[in-house]
Every structure is written in structure tokens, then in C-alpha cells.
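Down below is the structure, laid out as C-alpha cells.
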Amino acid sequence: MATPSPTATATPAPTAAPQVTTLTAESLTAQFAALPAGSNELVIPLTSTTGGAQAVLPASVLIQQAAAKPASVLTFSTTDGTSYSLPLRLVNGTALAAQLGTSNFTITVSILPAGTATLSSVNQALAAQAGSVTLAAPVIEFSISAQAGNSSVPLNSFGSTYVSRTIKATQSLNPDNATAVSFDPATGKLSFVPSVFTTQADGTTAVTIKRNSNSYYTVVQSSKTFGDITSHWAKSAIDLLASKLIITGTSDTAFSPSQSVTRAEFAALITRSLGLATVSSGTNFSDVNAGAWYADAVHTAAAAGLITGYTDGSFKPNSPITRQEMAAILSKAMKYTGKSLNSDPAALAKFSDAASLPAWSQAAVAEMAAEGIIQGLPDGSFAPEKSATRAEAATMLEKTLLALGFIN
């Protein structure tokens with residue numbers, strides 16, 4: 001049965017220029033100075049019109065504040081319930097001054113509704129999704145740029161720092177079948193981004209999105225399940241991650257929970273789970289062809305330091321991933337986001353075959369066991385060399401995302 005194409009009626013096309021708020025160096029300095037002791041966050045209220053909102057700030061003050069208090073965050077909060085929190089240490093004054101040719105520049109933060117052409121592309125992306133995926137919030141473009149005269153440099157990539165932004169949905173949403181997504185105009189694709197849902201007093205839902213890059217963002221409602229997991233122990237994790245557009249089935253109706261996961265498939269799963277922007281080049285593995293479906297996922301995971309190849313230069317994309325390899329990748333993924341892990345020997349000792357774990361995987365297995373993300377098999381062993389199943393991967397990814405605060 002064909003799924004009716006959803007329409008992006010939640011966001012009108014902008015009919016006006018954004019409301020611009022310009023802060024002087026004196027005003028901004030005074031506001032930082034007035035922050036209570038121990039507070040690192042300065043909230044700047046912005047008035048939003050149908051054209052959105054912008055703030056223009058002197059970069060010199062941001063750079064000085066970041067040097068004096070590296071944990072400083074500037075949060076821009078609009079009258080329509082949207083917000084954006086900028087950690088000031090992300091403003092690299094030296095690099096921006098070199099690009100702009102001057103140290104006298106401003107920073108512009110923009111929170112803008114998507115235009116008609118972008119909304120049309122979002123509609124097409126929604127219609128292309130398997131199952132029913134519908135828009136549940138406005139489509140908002142968050143962006144930052146440094147400007148001097150007629151020159152402008154975008155600030156869109158924040159390394160491993162996850163920046164928070166909030167979009168207000170117009171209704172009450174259940175996080176089990178809703179998720180924030182980013183939209184990439186270049187590829188026309190929607191992707192999961194880490195997001196947590198908070199019900200407001202007025203019945204609406206505030207969705208806080210965490211990601212290390214800027215783009216277009218919105219919230220969608222989505223519900224997906226598979227016919228072959230009706231009574232499976234991992235059904236709730238599989239349904240959740242499928243509804244959040246992280247995992248897909250082996251067909252539209254089957255998930256094949258007992259099938260093994262390949263190294264390429266897990267590279268795709270972990271990059272999707274972390275909401276990483278695609279990296280199309282970088283580390284070259286001898287057996288990862290540029291045209292392969294997993295090439296971008298492997299490049300992206302390698303660029304973030306989540307995966308490595310073998311000493312012969314290969315990646316072995318089609319080999320089943322082992323339980324210890326999966327533990328190692330999940331450990332790296334959690335540390336990438338800034339999470340501290342404890343390699344507790346007691347967590348490792350509970351496995352009957354702990355002594356057989358190779359040195360390279362011991363710490364990661366101990367960390368994941370201490371976090372409650374991996375467990376032993378019914379016989380009490382960890383079975384490090386055993387191939388991980390699709391159901392195990394889904395369960396471990398769900399636990400990882402919960403531990404990171406990347407989903408409810």
C-alpha cells in the first residue's frame with residue numbers, strides 16, 4: 001500500500017527578513033560580568049519574526065571570555081521557543097582572523113525557517129522513507145558565520161563537541177516514535193541526530209538536539225517494526241532504533257535479528273547513531289571501493305577515530321564483526337563524545353573466559369561491561385571472537401545512546 005506523501009505545513013515560507021539583534025562590546029562585556037558566581041551560561045533573548053532571528057556579536061569579546069572562562073556558553077533563545085547554545089571555545093579567533101585577513105570581525109548566529117525550496121526537498125525526503133514518517137515541527141536552519149566587510153566564513157564543524165539546540169514541536173510527542181533529524185540539501189537525505197524530548201506545561205514538546213555540526217533540523221514522527229521480531233527479546237530496542245531512522249531491516253518487513261553484522265554495517269550504524277556529518281575521503285583502505293554503499297560510513301567512522309583497519313591496509317568490510325570489536329568501537333564512540341569511562345577489572349572478572357581476552361580489547365570490554373552496555377552469554381562467558389548479531393547490535397546501540405543522553 002502506498003504511503004501518502006506528508007506535507008511540510010508546519011513551517012510557512014519566510015515572508016520577512018530575520019529580526020536582527022546587534023550587541024555592542026560594552027553591552028556583552030557587562031552582561032558576562034553580571035553573571036552570578038559559578039555560572040558559565042549567558043542567555044541572550046532574541047525576537048523572532050516569520051523570517052527568523054539573528055544575533056550579531058563582536059568576536060573580540062567572545063574570544064576574551066573564552067580565554068578567561070573556557071566553559072563559557074552563549075545561549076540564544078527566541079520568542080518562538082527555539083534556542084541555540086554556543087560554547088565560546090569553538091570560536092577559534094586565530095584561525096578566523098587568518099581566513100578573514102583581520103582580527104576585527106563579528107560573529108553572526110542565525111536561527112531561520114527553511115525556505116520554500118528546502119521545504120519541498122524535505123517533503124521529498126519524507127516521502128522516500130520506509131513506513132510512515134511525518135513532520136512534527138518547523139524546519140529550522142541553524143548557522144554561525146564570522147564576518148568582516150564583504151568576507152564571510154561559516155562555522156559549521158565543531159570536532160567532537162556536541163552543540164545543543166532546541167526546537168519546539170507544536171504537539172505532545174512520544175520519543176519512542178519521534179526523533180530529531182538533520183536535512184542535507186546536497187544529498188536530499190534526512191538523518192537521525194541525538195535528541196531528547198521534554199513535555200512542556202502547555203502540552204507542547206521541547207526537543208533538544210545535540211550535534212557537532214550545523215545544518216537544517218526538524219522533528220519527525222515515525223513508527224516502524226518488522227514481522228519477524230514479534231516475540232523477540234530485542235524487539236523494543238529494534239523498534240525504537242528503526243523508528244529513529246538508525247537501523248533498517250534486511251527487507252521492508254524483516255529484520256533478521258539472528259543474522260551477523262558486518263564490519264561495514266556496524267560502521268554505518270555507529271556513524272548514524274552519533275549523528276556524524278558525512279566524510280567522503282581520508283583514510284584509504286585497500287578493500288573499500290569508493291563506489292561501495294558503505295564507503296562514506298567507513299571514511300566517516302575512521303575520521304572520528306572510531307575504527308581502524310588491519311596491518312595489511314585492509315578493513316575487511318564484509319567480515320562479521322566480533323563482540324570484542326563491537327565493544328572497542330562503542331568505547332571509542334562514547335569517549336569521542338566526551339564521556340568518561342571506567343575500566344573496572346571487577347566488571348571483566350565476571351566473565352568466565354576473561355583470561356582469554358586479548359590485551360587490545362580488555363579495557364574496552366571492561367568499560368562497556370561496567371556501563372551495563374554489554375553482557376555475557378547464558379553460560380557466563382563473553383565469547384570475544386563470536387560474531388555479533390543484528391539484535392545484539394541494536395540492543396548495545398540503544399544502551400549506548402541512553403548512557404550518553406542522546407535519546408530518552
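Just the heavy atoms: all of them, side chains too, but no hydrogens, waters or symmetry mates, feed the values below.
Listed for the Ser273 side chain is a donor-acceptor partner under 3.5 Å among the backbone atoms of Leu269. Judged by distance alone, with hydrogens and angles left aside, the side-chain atoms of Asp312 form a donor-acceptor pair with the main-chain N or O of Ser314 at under 3.5 Å. Distance alone, capped at 3.5 Å, places no donor-acceptor pair between the Thr21 side chain and the Ala55 backbone. Without hydrogens or angle criteria, Thr395 side chain to Ala391 main chain gives a donor-acceptor distance under 3.5 Å. Lys332 places no side-chain N or O within 3.5 Å of a backbone atom of Ala364 that could act as its donor or acceptor partner. Of the possible polar contacts, none joining the Lys339 side chain to the Ala333 backbone as a donor-acceptor pair under 3.5 Å is found. Panel note: side chain Asp287, backbone Phe315; a donor-acceptor pair is recorded below 3.5 Å. Between the side chain of Thr283 and the backbone N or O of Ala302, no donor-acceptor pair lies under 3.5 Å. In terms of modelled atom types and a separation under 3.5 Å, the side chain of Gln221 and the main chain of Thr134 share no donor-acceptor contact. Remark: side-chain polar atoms of Thr29 are paired, donor with acceptor, to backbone N or O of Ala25 under 3.5 angstrom.
If you take CD1 on Ile373 and CE on Met326, they are separated by 12.0 Å, rounding to the nearest 0.5 Å. With rounding to the nearest 0.5 angstrom, the OG atom of Ser191 is 8.5 Å from the CG atom of Leu245.
Using modelled atom types, one finds a donor on one side chain and an acceptor on the other under 3.5 Å when comparing Thr161 with Arg89. Inspection of the Ser60 and Gln64 side chains reveals no N or O donor paired with an N or O acceptor under 3.5 Å. A donor atom on one side chain and an acceptor atom on the other are found under 3.5 Å apart for Asp239 and Thr225. Under 3.5 Å, the side chains of Ser110 and Gln54 contain a donor-acceptor pair of N or O atoms. The closest side-chain donor-acceptor pair between Lys244 and Ser195, if any, does not fall under 3.5 angstrom. Thr47 and Gln19 are not linked by any side-chain donor-acceptor pair at a separation below 3.5 angstrom, with hydrogens and angles left out of the test. Side chain to side chain, Ser387 and Ser260 fail the donor-acceptor criterion of an N or O pair below 3.5 Å.
Taking each heavy atom of Tyr216 and Pro185 in turn, the nearest pair found is CE1-CG, 3.6 Å. Here the closest non-hydrogen pair linking Ser85 and Glu41 is OG-OE2, 4.1 Å. Taking both residues in full, the closest heavy atoms of Glu325 and Pro320 are given as OE1-O, 4.1 Å, listed atom of the first, atom of the second, then distance. In terms of heavy atoms, Ala206 sits closest to Thr166 at CB-CG2, 4.1 Å. Considering all non-hydrogen atoms of both residues, Asn214 and Leu155 come closest at ND2-O, 3.1 Å. Shortest non-hydrogen contact noted between Ala369 and Ile374 is N-CG1, 3.5 Å.
The side-chain contact (heavy atoms from CB on, under 4.5 Å) test with Ile140 is passed by exactly one of Thr78, Asp80, Leu112, Ile167: Ile167. For the side-chain contact (heavy atoms from CB on, under 4.5 Å) test with Tyr84, the passing option among Val163, Ile209, Thr75 is Val163; the others fail. Of the residues listed (Leu330, Thr271, Ile307), the one engaging Phe266 in a side-chain contact (heavy atoms from CB on, under 4.5 Å) is Leu330, and it is the only one.
A salt bridge links Asp202 with Lys168; the closest basic N to acidic carboxylate O contact falls under 4.0 Å.
Put simply, the side chain of Val365 reaches to within 4.5 Å of the side chain of Phe351, judged on heavy atoms. Between Glu367 and Met334, every side-chain heavy-atom pair lies at or beyond the 4.5 Å cut-off. The closest side-chain heavy-atom distance from Leu404 to Pro194 is not below 4.5 Å. Using a 4.5 Å heavy-atom cutoff, the side chains of Leu341 and Met368 are in contact. Proximity of Lys399 to Gln375: side-chain heavy atoms (C-beta onward) are separated by under 4.5 Å at one or more points. Pro175 is not listed as a side-chain neighbour of Val196, based on a closest heavy-atom distance of 4.5 Å or more. Using a 4.5 Å cut-off on side-chain heavy atoms (C-beta onward), Ile246 and Leu401 make contact. Residues Ile407 and Leu240 are in side-chain contact: their nearest non-hydrogen atoms beyond the backbone lie under 4.5 Å apart.
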Start with the C-alpha gap between Val139 and Phe183, add the side-chain angles, then the distance that decides, and say whether side-chain contact (heavy atoms from CB on, under 4.5 Å) holds. CA-CA 9 Å; Val139 181; Phe183 174 70; 5.6 Å; no
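The 12-atom threshold is exceeded at NZ of Lys69, counting heavy atoms of other residues, nucleotides or ligands nearer than 6.0 Å. When the shell of 6.0 Å around CG of Asp344 is examined, it contains more than 12 heavy atoms from other residues, nucleotides or ligands.
Ring geometry for Tyr162 versus Phe406: interplanar angle of 30 to 60°, hence tilted.
Taking the ring axis of Tyr217 as reference, the NZ or CZ atom of Arg211 does not stay both within 45° of it and closer than 6.0 Å to the ring centre.
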